[in-house]
Chemist: 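Submitted below is the structure of interest, expressed as structure tokens.
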Amino acid sequence: MLDKKKIKEKLESERDLLLEELRGMGKLNPETGDWEAIPEEQSTPEADENDKADRFEDFEARSSMLRTLEPRLNNILKALKGLNRESFGKCIVCKKDIEQARLEANPAAQTCKKHKENI
Ligand SMILES: [Zn+2]
């Protein structure tokens with residue numbers, strides 16, 4: 001029997017961790033629903049070109065990190081929403097139960113092991 005409560009707790013703690021990471025690097029744009037990197041505060045008005053380049057690289061790094069984290073967060077939010085549905089824990093390809101170990105490792109999984117390459 002699938003322990004939904006345990007999975008829900010795991011999902012919620014993962015969501016909180018991800019949100020914390022995302023908030024450290026960017027902010028949620030309420031209009032688009034996307035996370036955007038925050039440029040670092042300019043420390044001195046007469047920063048030299050090297051500083052500007054560093055900040056730009058840093059901003060780029062944050063942006064790409066956000067692009068990696070955001071789909072993970074969305075996956076978790078989707079899994080949390082789907083947790084109450086009858087179809088939770090079923091492979092979307094073959095409709096069979098997803099292996100419990102797989103679900104515990106990745107509660108957002110939507111397919112069984114066999115079909116994980118199919119989506
Ligand atoms: Zn399957």
Side-chain angles (χ1 to χ4, degrees):
M1 183 58 201
L2 210 53
D3 192 348
K4 282 195 186 181
K5 192 168 169 276
K6 202 166 112 195
I7 290 173
K8 186 166 179 256
E9 278 165 13
K10 188 179 151 83
L11 280 170
E12 282 172 345
S13 73
E14 266 182 57
R15 177 198 59 193
D16 292 346
L17 273 176
L18 273 172
L19 277 175
E20 213 171 286
E21 276 188 72
L22 283 162
R23 284 192 190 116
M25 285 181 292
K27 60 177 167 39
L28 187 64
N29 182 332
E31 277 166 37
T32 59
D34 283 328
W35 286 84
E36 291 169 359
I38 311 173
E40 208 162 333
E41 292 289 315
Q42 196 159 329
S43 45
T44 50
E46 64 276 1
D48 65 28
E49 286 302 312
N50 273 340
D51 275 1
K52 270 188 214 159
D54 281 353
R55 263 201 306 277
F56 182 71
E57 270 172 36
D58 194 56
F59 182 73
E60 282 295 286
R62 285 170 191 225
S63 299
S64 77
M65 194 65 185
L66 286 172
R67 281 196 293 273
T68 314
L69 293 177
E70 201 182 335
R72 275 171 56 195
L73 177 70
N74 288 339
N75 245 349
I76 289 172
L77 294 178
K78 212 161 87 184
L80 271 171
K81 250 191 221 166
L83 207 56
N84 295 321
R85 279 204 299 266
E86 197 60 42
S87 61
F88 177 81
K90 303 243 191 280
C91 170
I92 59 168
V93 179
C94 65
K95 316 282 183 221
K96 287 184 184 146
D97 289 341
I98 298 171
E99 295 83 356
Q100 186 152 354
R102 176 164 158 73
L103 267 185
E104 275 168 15
N106 173 20
Q110 291 184 295
T111 60
C112 66
K113 271 187 199 147
K114 204 172 131 195
H115 294 117
K116 70 175 174 185
E117 308 296 339
N118 285 41
I119 53 166

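Quick caveat, the model's predicted, so the values are computed rather than measured. Whatever order the structure lists ligands and atoms in, that order sets their numbers, starting from 1.
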Chemist: Would you mind listing every salt bridge (Lys or Arg N to Asp or Glu O under 4.0 Å) that reaches into residues 60-77, with sequence neighbours excluded?
Modeler: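 Pairs touching residues 60-77 that pass the test: Glu40-Arg62, Asp58-Arg62.
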Chemist: Leaving waters out, which protein N, O or S atoms fall under 2.8 Å from the Zn ion (ligand 1)?
Modeler: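 Correct list: Cys91 SG, Cys94 SG, Cys112 SG, His115 ND1.
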Chemist: Does the side chain of Ile98 reach to within under 4.5 Å of the side chain of Thr111, using non-hydrogen atoms?
Modeler: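 No, side chains not in contact.
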Chemist: With a 3.5 Å cut-off and sequence neighbours excluded, list the donor-acceptor pairs that the side chains of residues 81-94 form with protein atoms.
Modeler:
| residue | atom | partner | partner atom | Å |
| --- | --- | --- | --- | --- |
| Lys90 | NZ | Asp97 | OD1 | 2.8 |

Chemist: With Glu21, which residues qualify under side-chain hydrogen bond (donor to acceptor under 3.5 Å, both in side chains), at least two apart?
Modeler: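 Here no residue qualifies.
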Chemist: Using modelled atom types and a 3.5 Å cut-off, is there a donor and acceptor pairing between side-chain atoms of Lys27 and backbone atoms of Ile38?
Modeler: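 No, because the side chain of Lys27 does not come within donor-acceptor range (under 3.5 Å) of the backbone of Ile38.
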Chemist: Between Glu9 and Lys6, is the closest basic N to carboxylate O distance under 4.0 Å?
Modeler: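 Between Glu9 and Lys6 there is no salt bridge, as every charged N stays at least 4.0 Å from the carboxylate O atoms.
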